[in-house]
Engineer: 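The structure is given below, and queries will be raised subsequently.
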Amino acid sequence: DAKTTQPTSMDCAEGRAANLPCNHSTISGNEYVYWYRQIHSQGPQYIIHGLKNNETNEMASLIITEDRKSSTLILPHATLRDTAVYYCIVRAYNAGNNRKLIWGLGTSLAVNP
Amino acid sequence: DTEVTQTPKHLVMGMTNKKSLKCEQHMGHRAMYWYKQKAKKPPELMFVYSYEKLSINESVPSRFSPECPNSSLLNLHLHALQPEDSALYLCASSQEGAYTQYFGPGTRLTVL
């Protein structure tokens, strides 16, 4: 599985867009990019995933570069409740019986009033 | 219903106690997971069940014993734990073969 690199921490003003980058320069063709977040002392929450095309859902947008070596998670209007650790994970969709997610250290996002 | 529930929320136990953590989901998912998470660290996979059969055991000590009585329930039986086993224990479920996992709120375990 490709390794991901994320900044340790970021700050964002409430109401502004939060753009969280992730580098995955060794990603291979069948590997998806997944984003999860974990609000303090809660279980992780699935946000979004994508392969090549940009994706959007009610929570966020995922922008994947054309060479797929990096991606950005965008929270369009960050609120205080978006303060959390955000994990970028790369995983092959059909890796047989192994459904193990390889978690990095993530980015700690602080949304400030 | 897109919720995974876990009980209890908090558990304090001595090293000689036997206790169990419980997890339940009603999303029809056939894969269920146990994770352990220490403070300021990412979750670590412990066990994966697929169609009620244990498919992955990440070399977890035998003092942790998982059980999947049916497709909706997952238990983690605890016995003779050590203080270093104190952590947040997370349960998750997913469709078979998928990586979109839905997590419960966790059980905060303290071993004295």
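It should be emphasised that the depicted structure is a prediction, and the values quoted were computed from it without experimental measurement. So that the names make sense, note that chain A is the first sequence line, chain B the second, and so on, each numbered from 1.
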Engineer: Can you say whether B:Q37 sits under 4.5 Å from chain A via the side chain, the backbone, both, or neither, judging by heavy atoms?
Structural biologist: side chain
Engineer: Determine the minimum heavy-atom distance between A:G43 and B:L90, stating which atoms define it.
Structural biologist: CA-CD2, 3.7 Å
Engineer: Provide the closest heavy-atom pair for B:L88 versus A:Q42 in the form atom of the first, atom of the second, distance.
Structural biologist: CD2-O, 4.4 Å
Engineer: Roughly how far, to the nearest 0.5 Å, is the OG1 atom of B:T100 from the CD1 atom of A:I47?
Structural biologist: 12.0 Å
Engineer: Going hydrophobic residue to hydrophobic residue with side-chain gaps under 4.5 angstrom, can you get from A:V33 over to A:I74?
Structural biologist: no
Engineer: Within residues 104-112 of chain B, which residues come under 4.5 Å of chain A, heavy atom to heavy atom?
Structural biologist: B:G104, B:P105, B:R108
Engineer: Do B:L73 and B:V48 share a hydrophobic cluster, counting only Ile, Leu, Val, Met, Phe, Trp and Tyr and linking them when any side-chain heavy atoms are less than 4.5 Å apart?
Structural biologist: no
Engineer: Would a hydrophobic clustering, with Ile, Leu, Val, Met, Phe, Trp and Tyr connected at side-chain separations under 4.5 Å, put B:L11 with B:M46?
Structural biologist: yes
Engineer: Can you tell me how far the CG atom of B:L45 sits from the CH2 atom of A:W103, to the nearest 0.5 Å?
Structural biologist: 10.5 Å
Engineer: Same cluster or not: A:I63 versus A:I48, using hydrophobic residues (I, L, V, M, F, W, Y) connected whenever any side-chain heavy atoms lie under 4.5 Å apart?
Structural biologist: no
Engineer: Can you find a heavy atom in the side chain of B:P43 that is under 4.5 Å from one in the side chain of A:Y87?
Structural biologist: yes
Engineer: Chain B heavy atoms under 4.5 Å from A:S41: which part of the residue, side chain, backbone, both or neither?
Structural biologist: both
Engineer: Mark yes when over 12 heavy atoms from residues, nucleotides or ligands other than B:K38 sit less than 6.0 Å from its NZ; otherwise mark no.
Structural biologist: yes
Engineer: Measure B:Q6 against the heavy atoms of chain A and call it side chain, backbone, both or neither at under 4.5 Å.
Structural biologist: neither
Engineer: Do B:F64 and B:L54 belong together in a cluster built from hydrophobic side chains that touch within less than 4.5 Å?
Structural biologist: yes
Engineer: Are more than 12 heavy atoms from other residues, nucleotides or ligands located less than 6.0 Å from atom CZ of B:R63?
Structural biologist: yes
Engineer: More than 12 foreign heavy atoms under 6.0 Å from CG of A:L105: is that the case here?
Structural biologist: no
